[in-house]
Amino acid sequence: MVDSTLAATARAWPFEEARKLLVRLGGGDAKHAPAKGHVLFETGYGPSGLPHLGTFGEVARTSMVRRAFQELSGLPTRLVAFSDDMDGLRKVPDNVPNRAAMAAFLDRPLTQVPDPFGTHDSFGAHNNARLRAFLDRFGFAYEFLSATECYRSGRFDPTLLQVLQHLEDIAAVVLPELGAERRATYCPFLPISPKSGKVLQTPPLEVRKAQGTLVFADEDGSKFETPVTGGACKLQWRVDWAMRWAAFGVDYEMSGKDLIDSVRLSSRICKLLGGRPPESMTYEHFLDENGEKISKSKGNGMTIEQWLTYGPPESLALFMFHKPKAAKRLHFDVIPRAVDDYLDFLAKFATEDAAARLENPAWHIHAGTPPASDMPVSFGLLLNLVSVCHTDNKSVLWGFLKRFAKTADAASHPLLDRLLDHALAYYRDFVKPTRQFRAPTEVERAALIELAAKLETLPDDATGEAIQFELYEIGKRHPFPSLRDWFKALYEILLGQSQGPRFGSFVALYGRAETLALIRRALAGEDLATDERAS
């Protein structure tokens, strides 16, 4: 446990959210523990598709709030990952096999649709398994709950009967939000057809509250009476959300900006059912490289597998941590910065006092216990190293790294080894196709000649700081508009890109002699896009 006084004043947003929850509980110590004996956090998942970046973000952020709350209160907590797997299949996904066969099961509950992959009992079960594997992969501590199991086991039965008793009141809340056509057919309960097994959307012909049943017309016009309990019906999702809050006693659940109105409606319905709506946080959605909202139908987003090809999961967690209430551009070019920002926060953590550590994202990413920082280089430097080495062989790159950090190897620095894989992939897919080398101007040529002469006189073990000092001095002696233009020229001429990390550090990593050879090739007008060792 961290110092309670420090936790009570920590400004990081997970602590701010945790304090809201403390207020809800009237103090948050053992005297104010909920009657159920724990504080319940919930995240929801719609298993009509595979887990994605939004799924990761919601669970990661909720876990951060949960950890902060535990530090503040000491109360036991649970995190439930709830799957709405009783929803009807609305359309056949584009990214599954046997699509034609699935079309015959439209409107069936997802747990009643055969698995097109042939690995599980149903499509819902398949996607639930993918969710659990996804969450386990990142080490989240959670409990999985299935809507189908909760409905069928009777776990929801008492609250479902409450919904039936308040049918008219609930309709009065929801109907003003619907269009005229939808209002005409609206019912909070969606019966499962006893003939077709489909989830029907039809108004009841008769309400029998005393019996706990409703009478509906099936697709062929025949009438059937069905209980609202035992999984014979499911609820429309806004009412379902409210019912779940009331049935479980959910204390905290966050959601996206597009669900603000739904949170408001579901909160009103939860109160009608005798429950208390959870504390919540509204997060913003992501934007693509053009500043447009990411849409699965447009295909303008990034998958979690794509991010993890180019950066470690900690960098993704950092991206989710930063400014969750602000819209952020989510594209491939944000990954290198996220990786290096994560490494910087991790390095700072060891030198910070207890108060500063609670503000450090590394504390929240690693649930209060970040690992020791052992990175001798930045990710940006690794990208530049890959760029000039023209290789996909990690052994070659490790050769350079071991000269720079003599004790480093894959066994002692596993994160560095992983980052080499990410750097190779990022260079291959994003840096190499866009590199554009140019010849130096006369001013730049004179500065490069002086730099080459200086590198010849520097010792082999010159530090990055010493080399950076000489670079500054050389830049000052030549008529560049600013020192930034001098460093930009170095990157454009020698690496084919307009920016990068500190050039002195790059020289120290790549090698004084190797950099000198690179400069001489540029001055001779050679094509630096080709490795001279291969020519």
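Everything numeric in this text was worked out from a predicted model, so none of it was measured. Values reported hereafter were calculated over all heavy atoms of this structure, with side chains retained and with hydrogens, waters and symmetry mates removed.
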Run the side-chain donor-acceptor check on residues 53-65: report pairs under 3.5 Å with partners two or more places apart or on a different chain.
residue	atom	partner	partner atom	Å
Thr55	OG1	His52	N	3.2
Glu58	OE1	Tyr283	OH	2.6
Arg61	NE	Met320	O	2.8
Arg61	NH2	Met320	O	3.2
Thr62	OG1	Glu58	O	2.7
Ser63	OG	Val59	O	2.8

Return yes if a side-chain donor-acceptor contact under 3.5 Å exists between [X] and [Y], otherwise no.
{"X": "Tyr426", "Y": "Asp421", "value": "no"}
{"X": "Lys195", "Y": "Ser222", "value": "yes"}
{"X": "Ser262", "Y": "Arg238", "value": "yes"}
{"X": "Ser122", "Y": "Asp115", "value": "no"}
{"X": "Ser315", "Y": "Trp307", "value": "yes"}
{"X": "Tyr45", "Y": "Asn128", "value": "no"}

Listed partners of [X] passing side chain to side chain contact (heavy atoms under 4.5 Å, CB included), at least two apart:
{"X": "Thr434", "answer": "none"}
{"X": "Thr77", "answer": "Val39, Phe41, Arg66, Phe69, Gln70"}
{"X": "Phe349", "answer": "Glu352, Arg357, Asn360, Trp363, Pro370"}

Hey, is the main chain of [Y] close enough, under 3.5 Å, to the side chain of [X] for a donor-acceptor pair?
{"X": "Gln497", "Y": "Gln499", "answer": "yes"}
{"X": "Asp340", "Y": "Ser378", "answer": "no"}
{"X": "Asp157", "Y": "Gly230", "answer": "yes"}

Quick check: do [X] and [Y] have side-chain heavy atoms less than 4.5 Å from each other?
{"X": "Asp258", "Y": "His285", "answer": "yes"}
{"X": "Phe144", "Y": "Phe82", "answer": "no"}
{"X": "Arg155", "Y": "Thr159", "answer": "no"}
{"X": "Ser48", "Y": "Asn127", "answer": "no"}
{"X": "Val386", "Y": "Val431", "answer": "no"}
{"X": "Leu343", "Y": "Glu314", "answer": "no"}
{"X": "Arg24", "Y": "Arg276", "answer": "yes"}
{"X": "Asp429", "Y": "Tyr310", "answer": "yes"}

Which residues pass the salt bridge (charged side-chain N to carboxylate O under 4.0 Å, His left out) test with [X], sequence neighbours left out?
{"X": "Arg108", "value": "none"}
{"X": "Lys271", "value": "none"}
{"X": "Arg337", "value": "Asp341"}
{"X": "Arg264", "value": "Glu177, Asp261"}

Give a yes or no on whether a salt bridge exists between [X] and [Y], defined as a side-chain N under 4.0 angstrom from a carboxylate O.
{"X": "Lys257", "Y": "Glu284", "answer": "yes"}
{"X": "Arg428", "Y": "Asp392", "answer": "no"}
{"X": "Asp84", "Y": "Lys234", "answer": "no"}
{"X": "Arg244", "Y": "Glu42", "answer": "yes"}
{"X": "Lys394", "Y": "Asp417", "answer": "yes"}
{"X": "Arg67", "Y": "Glu71", "answer": "yes"}

Intermediate values then yes/no, side chain to side chain contact (heavy atoms under 4.5 Å, CB included), Met102 and Val113: CA-CA 7 Å; Met102 283 190 74; Val113 177; 3.9 Å; yes
Quick one: sort the Phe140 and Phe138 rings into parallel, tilted or perpendicular, breaks at 30° and 60°. tilted
Plane angle bin for Phe345 and His322 - parallel if under 30°, tilted between 30 and 60°, otherwise perpendicular: tilted
Compare every heavy atom of [Y] with every heavy atom of [X], then report the nearest pair and how far apart it is.
{"X": "Gly311", "Y": "Val339", "answer": "CA-CG2, 4.1 Å"}
{"X": "Gly212", "Y": "Leu161", "answer": "CA-CD2, 4.0 Å"}
{"X": "Leu89", "Y": "Pro93", "answer": "CD1-CD, 4.5 Å"}

Quick one: do Met375 and Leu416 satisfy side chain to side chain contact (heavy atoms under 4.5 Å, CB included)? Show the steps, please. CA-CA 7 Å; Met375 284 296 296; Leu416 177 56; 3.7 Å; yes
ring-ring contact (aromatic ring centres under 6.0 Å, His included) between Phe15 and His364, worked out: CA-CA 10 Å; Phe15 280 104; His364 300 273; 5.6 Å; yes
Does a sphere of radius 6.0 Å around [atom1] in [X] hold more than 12 heavy atoms from other residues, nucleotides or ligands, not counting ones at 6.0 Å or beyond?
{"X": "Lys36", "atom1": "NZ", "value": "yes"}
{"X": "Glu206", "atom1": "CD", "value": "yes"}
{"X": "Lys20", "atom1": "NZ", "value": "yes"}

[X]: what forms a side chain to side chain donor-acceptor pair (under 3.5 Å) with it, not counting sequence neighbours?
{"X": "Glu253", "answer": "Trp241, Trp245"}
{"X": "Glu219", "answer": "Ser196"}
{"X": "Thr185", "answer": "Arg182"}

Quick test of your reading: applying ring pair (Phe, Tyr, Trp, His ring centres under 6.0 Å), list the pairs with at least one residue in residues 152-203, sequence neighbours left out, ordered by first then second residue. Tyr151-Phe156, Phe156-Phe248
What verdict does the side chain to side chain contact (heavy atoms under 4.5 Å, CB included) test give for Ile170 and Leu272, after you've listed the backbone C-alpha separation in whole Å, the side-chain angles of each residue and the deciding distance to 0.1 Å? CA-CA 8 Å; Ile170 291 171; Leu272 288 173; 4.1 Å; yes
Report the C-alpha distance between Val199 and Ile192 in whole Å, list the side-chain angles of each, state the deciding distance to 0.1 Å, and finish with yes or no for side chain to side chain contact (heavy atoms under 4.5 Å, CB included). CA-CA 5 Å; Val199 180; Ile192 310 299; 3.7 Å; yes
Would you please test Glu168 and Lys209 for salt bridge (Lys or Arg N to Asp or Glu O under 4.0 Å) and show each step? CA-CA 12 Å; Glu168 295 79 13; Lys209 292 184 179 181; 2.8 Å; yes
Reported CG-to-CG distance for the pair Leu200 and Asp107, which is rounded to 0.5 angstrom: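 Rounded to the nearest 0.5 Å, the CG-CG separation comes to 8.5 Å.
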